[in-house]
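Each remark here refers to the structure printed beneath this line.
Quick caveat: nothing in here was measured; it's all calculated off a predicted structure. So you know, we letter chains A, B, ... as the sequences are listed, proteins then strands, and number each from 1.
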Protein chains: 2
Amino acid sequence: MNTSRVDGHTSQAFDADMNEIVNKVLDMGSLVTHQVEKAIYAFIHTDADMARAVISKDDEVNHLEVKIDEHCVQVLVRRQPTAGDLRAVIAAIKTIKDLERIGDQAKRIARSAIKAAEAGAEADRAFPEFEMMGTRVVRMLQDAMTAFRNHDAQEALQVALQDKAIDSDYESILRQNMTYMMEDPRNITRIVEMTWVGRAIERIGDHARNVCEYTIYFVKGRDVRHIDDAQIEAIVQGR
Amino acid sequence: MNTSRVDGHTSQAFDADMNEIVNKVLDMGSLVTHQVEKAIYAFIHTDADMARAVISKDDEVNHLEVKIDEHCVQVLVRRQPTAGDLRAVIAAIKTIKDLERIGDQAKRIARSAIKAAEAGAEADRAFPEFEMMGTRVVRMLQDAMTAFRNHDAQEALQVALQDKAIDSDYESILRQNMTYMMEDPRNITRIVEMTWVGRAIERIGDHARNVCEYTIYFVKGRDVRHIDDAQIEAIVQGR
């Protein structure tokens, strides 16, 4: 693995440290992806036990963030890396912040699942759309972590672009839920809860996109936040 | 200003750089606070012009984040700081991420203001609570930036604790809005929009709390995320 693509500098000691950081981030990414999967499953199937498992596991996610963060700072202090290597570590620090926030959203979804279970909710008409949106976001997360692992800016860009489909899933669930509420106000509490869950999934997509942007920053040495997709593509293609 | 409290090391060149970083973060904090103030005002008074001004100004917030971030990386490369100084720079990098996200929430509120203005909405019964919550969050943001400027961990802790009052404002607006929707389903669209705005303000409070936690990390050299308030207090008091 070459972690120092930006300026050509290579330090074996730094590379070993960076390898360890990347592996820890991948472990955290995998844990967080499972949290999201389980939380959405728990909400769709009103499975309060699974939801409680997600909530209690969130401490582990938080703990990982703090540990990896501290490890990154130690590596920076020990290795005094060059600009390119420094960017790689900063990208890792930013990635775990987004992973931690994805964990928070999973916990939020799990709480909604418990409320739904307590209210005796049954699977109802909005669920096929939810299931689709949930599958999409989990896939996006997995792909974002793969792009991060492979230092693949091209793949990261492709994954980042998937966020648009999730935003559009969310918009359509939102419109649909408004109609349901107006048609049948007795279901408002349930539908508002469902809207929150949709919003949480949409936010997870945003965070997954951020992870992709950090991967591009890490590989290409260019900050691609807040610029449009065509510009990002030009940077990734090296034009 | 002594930016190197953690390990006693002081480098004049680093201190000058750090001073510049702190000033830039304060400028960004001040811009973002104004964005929040204006967005909430625009929503309450359905002032579409002011809302549009907030939205167009968000680019400047994003641009500041990218510029300060790059400046921080340059300082790290140039100065190869010790652990304590490194933490101060990392705290600044994290702070601007939260400030940028506060800017996003302000934009979100501004978009709701425009929707409300287009729908011909008038100031209605939920507004006194909104105004209170908005005033509280703006004050919290200002105080968080003051604690950051003064490297005052004690003050940062006090400000962080204010987040609870905002969460509770939000919970009560949420409950109230549910009741309104059930009573009068014709107003659902407007009330759902109001709920989003309440949620955005609540998230701004969370980000302001994060800023306070980074200030404590910066001053005390201890990561206080994900631990309870009594533990944070013990760290701040140096017990």
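- For Gln74(A), no part sits under 4.5 Å from any heavy atom of chain B, backbone or side chain.
- The shortest non-hydrogen separation linking Met178(A) to Ile188(B) is SD-CG2, 4.1 Å.
- Around NZ of Lys57(A), the count of heavy atoms belonging to other residues, nucleotides or ligands within 6.0 Å does not exceed 12.
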For a side-chain contact (heavy atoms from CB on, under 4.5 Å) check, start with the C-alpha distance between Val192(B) and Met181(A), then their side-chain angles and the critical distance, and finish with the verdict. CA-CA 10 Å; Val192(B) 167; Met181(A) 281 195 268; 3.9 Å; yes
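- Heavy atoms of Asn62(A) lying under 4.5 Å from chain B belong to its backbone as well as its side chain.
- Residue Arg79(B) qualifies as enclosed at atom CZ: its count of foreign heavy atoms under 6.0 Å is above 12.
- With a 4.5 angstrom heavy-atom cutoff, Arg199(B) touches chain A only via side-chain atoms.
- With a 4.5 angstrom heavy-atom cutoff, Ile227(A) does not touch chain B via any of its atoms.
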Result block: side-chain N/O donor-acceptor pairs under 3.5 angstrom for residues 102-120 of chain B, not counting sequence neighbours:
residue, atom, partner, partner atom, Å
Lys107(B), NZ, Asp58(B), OD2, 3.3
Ser112(B), OG, Glu193(B), OE2, 2.8

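- Ion pairing of Arg101(B) with Asp98(A) is present here, as a side-chain N (NZ or NE/NH1/NH2) and a carboxylate O approach within less than 4.0 Å.
- Open room surrounds NE2 on His34(B); 12 or fewer heavy atoms of other groups in view lie less than 6.0 Å from it.
- Under the 4.5 Å side-chain criterion, counting only non-hydrogen atoms from C-beta, Asp223(A) is not in contact with Glu70(B).
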Walk me through whether Lys97(B) and Arg225(A) qualify under side-chain contact (heavy atoms from CB on, under 4.5 Å). CA-CA 11 Å; Lys97(B) 175 88 264 170; Arg225(A) 292 170 299 177; 3.6 Å; yes
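- With rounding to the nearest 0.5 angstrom, the OG1 atom of Thr189(A) is 3.5 Å from the CE atom of Met182(B).
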What verdict does the side-chain contact (heavy atoms from CB on, under 4.5 Å) test give for Ile90(A) and Ile90(B), after you've listed the backbone C-alpha separation in whole Å, the side-chain angles of each residue and the deciding distance to 0.1 Å? CA-CA 9 Å; Ile90(A) 301 273; Ile90(B) 301 273; 4.3 Å; yes
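- Comment: Asp69(B) does not engage Arg87(A) in a salt bridge, judged by the lack of any side-chain N to carboxylate O separation of less than 4.0 angstrom.
- The residue among Glu100(B), His63(B), Arg78(B) with the most heavy atom pairs within less than 4.5 Å of chain A is Glu100(B).
- Heavy-atom minimum distance, Leu86(B) versus Val73(A): CD2-O, 3.5 Å.
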